[in-house]
Amino acid sequence: MTNSPQQTGFWAKLKSFFTGHSSRSAAFEPTEKEGVWYWKNPDSGNTLVGLTKFAYQDIGNITFVDYPTAEDSIETDDDLVELEGDKAVENLKAPVSGHIVKRNQDLIDNPEKISEQSDRDNWLMEITEN
């Protein structure tokens with residue numbers, strides 16, 4: 001016996017109700033643009049931006065991370081982050097425009113963590129889009 005889409009949705013909602021976990025939260029499917037990924041968190045509505053695995057491979061082991069702007073606003077294609085590695089130095093561009101809610105200070109202090117964590121945990125900035 002197969003479940004209809006309505007039944008599947010019902011069971012997912014019921015499971016979410018009892019476990020406190022939304023099935024939407026688990027779906028991490030970021031979009032990639034020029035070395036960065038970005039993903040709109042359905043729970044907060046904010047967009048997380050991080051480094052793609054491909055960009056990491058091009059840069060190599062990252063030894064330095066810097067946010068070129070202390071501004072709280074950013075426009076698409078503004079400098080987002082400067083990364084220095086053993087293979088290259090790269091300035092990555094912002095994929096979206098908006099207000100910067102948070103920067104991942106842990107990655108500035110410990111750039112080696114970029115290679116040690118999952119993509120979702122390696123976010124560089126959290127942005128509220130315009």
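Look at D78 and K93 and you find no salt bridge, because none of the NZ, NE, NH1 or NH2 atoms lies under 4.0 Å from a carboxylate O.
A distance-only check finds no donor-acceptor pair linking the side chain of N110 to the backbone of E112 [under 3.5 Å]. Listed for the D86 side chain is a donor-acceptor partner under 3.5 Å among the backbone atoms of N61.
A distance of 6.5 Å separates CD of E34 from CG of D77, quoted to the nearest 0.5 Å. In this structure, CD1 in I74 is found 12.0 Å from NE2 in H99, a value given to the nearest 0.5 Å. For the atom pair D58 CG and E90 CD, the distance stands at 7.0 Å (nearest 0.5 Å).
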### side-chain contact (heavy atoms from CB on, under 4.5 Å) between K33 and T76, worked out
CA-CA 11 Å; K33 180 182 177 185; T76 302; 3.7 Å; yes

### Task
Assess whether side-chain contact (heavy atoms from CB on, under 4.5 Å) is satisfied between L92 and L83, documenting all intermediate values.
CA-CA 8 Å; L92 300 177; L83 300 165; 3.6 Å; yes

### Message
Set out, in order, the CA-CA distance, both residues' side-chain angles and the distance that settles side-chain contact (heavy atoms from CB on, under 4.5 Å) for L107 and L51, then state yes or no.
### Response
CA-CA 11 Å; L107 292 184; L51 178 69; over 6 Å; no

### Task
Might you work through the side-chain contact (heavy atoms from CB on, under 4.5 Å) test for Y67 and D79, ending with a clear yes or no?
CA-CA 8 Å; Y67 299 108; D79 287 343; over 6 Å; no

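Summarising the geometry of W39 relative to R120, their closest heavy-atom pair is CH2-NH2, 3.3 Å, with the distance given to 0.1 Å. Here the shortest heavy-atom pairing between W37 and L48 reads CZ3-O, 3.5 Å. Across every non-hydrogen atom of A55 and G35, the tightest pair is CB-O, 3.4 Å.
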Would you tabulate the side-chain donor-acceptor contacts of residues 123-130 under 3.5 Å, counting partners in other chains and residues two or more places apart, or write 'none'?
residue: E126; atom: OE2; partner: N46; partner atom: ND2; Å: 2.8
residue: T128; atom: OG1; partner: N46; partner atom: OD1; Å: 2.8
residue: E129; atom: OE2; partner: T47; partner atom: OG1; Å: 2.5

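Take D66 and apply the salt bridge (charged side-chain N to carboxylate O under 4.0 Å, His left out) test, not counting sequence neighbours, and it matches no residue.
Both I108 and I62 are part of a single hydrophobic cluster, where members link through side-chain heavy atoms under 4.5 Å apart.
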